[in-house]
Number of protein chains: 2
Amino acid sequence: MPNNQFKRGELYSVINGMASTAVARRLQKNFRQAGLEITIEQWSVLYHLWKEDCLSQQELCNRTFRDKPSITRLIDNLEKQKLVRRVASKSDRRINLVCLSDAAKELQELTITLANQTMNEALIGVNKEEIETVKQVFQRVYDNLT
Amino acid sequence: MPNNQFKRGELYSVINGMASTAVARRLQKNFRQAGLEITIEQWSVLYHLWKEDCLSQQELCNRTFRDKPSITRLIDNLEKQKLVRRVASKSDRRINLVCLSDAAKELQELTITLANQTMNEALIGVNKEEIETVKQVFQRVYDNLT
DNA sequence: GGCATATAGTTAGTTATGCAACTAATTTCA
DNA sequence: TGAAATTAGTTGCATAACTAACTATATGCC
């Protein structure tokens with residue numbers, strides 16, 4: 001059924017379009033209005049370090065779904081802002097452990113509150129079952145493609 | 001309930017994370033393997049022009065959810081590749097109408113087929129109701145934030 | 001008519017992404 | 001043990017994104 005096919009193709013712009021763009025812009029705007037100078041991409045790296053500090057760059061690649069050059073440069077910029085530092089691993093000299101500074105630890109509460117507020121705004125009128133479905137579909141899509 | 005709050009914050013990475021990245025990378029890869037040199041962002045512009053040719057740059061901003069500088073440079077690159085050309089509007093000299101070349105018209109069928117195939121791969125095991133829910137949630141999120 | 005305002009598009013600077021090619025350290029295994 | 005393959009990270013190049021500031025044209029209104 002070609003008509004169904006066509007609609008499936010259009011789904012690309014659903015998954016990768018207006019909503020994700022709008023959420024990203026709003027979260028970045030909310031950070032800026034709170035006086036935070038970090039980008040949402042930098043924040044996503046910090047987010048994983050708050051859960052577990054001193055991860056290797058490769059581990060950050062895995063957890064943030066970015067490639068190695070992207071992480072290299074995000075860490076470069078976070079290091080310039082004194083939010084993280086690279087610490088050489090003692091057991092494997094190829095590895096940099098990326099560790100949070102005290103300044104970065106202080107950002108955790110505020111930024112996560114802002115992210116929660118942003119998502120609460122975004123999800124007004126969306127119920128738990130629908131959210132659960134979106135999460136399941138996205139996990140399925142990811143699994144299908146990797 | 002703070003626990004629920006926290007989970008909502010995590011949803012940012014659902015909407016803007018692994019799945020959308022994976023779909024974008026796969027579609028770009030499928031274009032490349034078919035010998036197509038266009039980016040998915042350029043394709044998204046062409047997509048709207050195939051539906052309606054000779055739109056203004058502002059109208060392309062609205063339909064692709066991009067800002068004006070982004071469209072300016074996408075059109076610059078599409079023009080370099082001879083896929084579109086800027087045509088001055090006769091009724092309003094501020095406006096550039098962006099019109100498809102014959103070469104661009106020939107890309108329509110193949111690229112849309114590739115997009116459909118990519119989304120079929122991505123959506124294996126996802127049923128129509130779930131797809132409908134995702135579309136509704138994303139529309140709602142967009143409306144909530146704009 | 002003419003000045004203020006709004007709209008269309010461009011340019012400059014910073015950050016981020018993808019890919020390919022590279023260095024350095026580690027592991028594998030014949 | 002030592003050469004080949006793997007893994008961790010970096011660098012260079014191209015494209016794309018956002019912000020802010022800019023030019024040019026059009027519109028509104030006194």
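Below, each value reflects all heavy atoms present in this structure, side chains not excepted, and no hydrogens, waters or symmetry copies. Numbers restart at 1 for each chain; the letters A, B, ... are given by sequence-line order, proteins then strands.
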Checklist entry - Got a sec: does the NZ of A:Lys105 have more than 12 other heavy atoms crowding it under 6.0 Å? => result yes

Item to check | Over 12 non-hydrogen atoms of neighbours within 6.0 angstrom of CD in A:Gln33 | outcome: yes

When you measure from the side-chain N and O atoms of [X] to the phosphate of [N], is any distance below 4.0 Å, counting only OP1 and OP2?
| X | N | value |
| --- | --- | --- |
| B:Gln57 | C:dG9 | no |
| A:Asn96 | D:dT10 | yes |
| B:Thr21 | C:dT17 | no |
| B:Thr72 | C:dG9 | no |

Item to check | Sidechain N-carboxylate O distance under 4.0 Å for B:Glu130, A:Arg140 | outcome: no

Checklist entry - Between B:Arg66 and B:Glu41, is there a side-chain N and carboxylate O pair less than 4.0 Å apart? => result no

Next on the checklist: Under 4.0 Å, heavy atom to any atom of DNA chain D: which of residues 24-40 of chain A qualify?
Outcome noted: A:Arg25, A:Arg32

Item to check | Min side-chain heavy-atom separation A:Glu121-B:Asn144 under 4.5 Å | outcome: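 No - every pair of side-chain heavy atoms lies 4.5 Å or more apart.
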
Next on the checklist: Taking any heavy-atom pair under 4.0 Å as a contact, classify A:Leu74: base, sugar-phosphate, or nothing.
Outcome noted: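 The residue A:Leu74 makes sugar-phosphate contact but no base contact.
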
Checklist entry - At under 4.0 Å between heavy atoms, what does A:Asp67 touch on the DNA or RNA strands: base, sugar-phosphate, or nothing? => result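 Counting heavy atoms under 4.0 Å across all strands, the contact made by A:Asp67 includes a base.
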
Checklist entry - Aromatic rings B:Phe138 and A:Phe138: how do their planes relate, parallel, tilted or perpendicular, breaks at 30° and 60°? => result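 Geometry flag for A:Phe138 against B:Phe138: tilted rings.
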
Can you check the [X] [atom1] to [N] [atom2] distance for me, whole Å?
| X | N | atom1 | atom2 | result |
| --- | --- | --- | --- | --- |
| B:Arg73 | D:dT19 | CZ | P | 14 Å |
| A:Asp76 | D:dG12 | CG | P | 12 Å |
| B:Ile95 | C:dA6 | CD1 | P | 18 Å |
| B:Ile75 | D:dT15 | CD1 | C1' | 14 Å |
| A:Gln42 | D:dA17 | CD | P | 19 Å |
| A:Leu60 | D:dG9 | CG | C1' | 13 Å |
| B:Leu78 | D:dT15 | CG | P | 11 Å |

Item to check | Base C:dG9 paired with B:Arg66 side chain (donor-acceptor, <3.5 Å) | outcome: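 A donor-acceptor contact between them is absent.
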
Item to check | First encountered from the 5' end of DNA chain C, between B:Ser56 and A:Asn77 | outcome: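 By nearest-heavy-atom nucleotide position, the 5'-most residue is B:Ser56.
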
Using only heavy-atom distances, determine whether the side chains of [X] and [Y] contain a donor-acceptor pair under 3.5 Å.
| X | Y | answer |
| --- | --- | --- |
| A:Ser89 | A:Asp92 | no |
| A:Gln58 | A:Asn62 | yes |
| A:Asp143 | A:Gln139 | yes |

Next on the checklist: Does anything in residues 79-93 of chain B come within less than 4.0 Å of DNA chain C? Heavy atoms only, and list the residues if so.
Outcome noted: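 B:Arg86, in order of number.
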
Checklist entry - Quick one: does B:Asn96's side chain have a donor or acceptor within less than 3.5 Å of a partner on B:Arg86's backbone? => result no

Checklist entry - Which sits closer to the 5' end of DNA chain D, A:Lys68 or B:Arg94, going by the nucleotide each is nearest to? => result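 Closer to the 5' end of DNA chain D: A:Lys68.
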
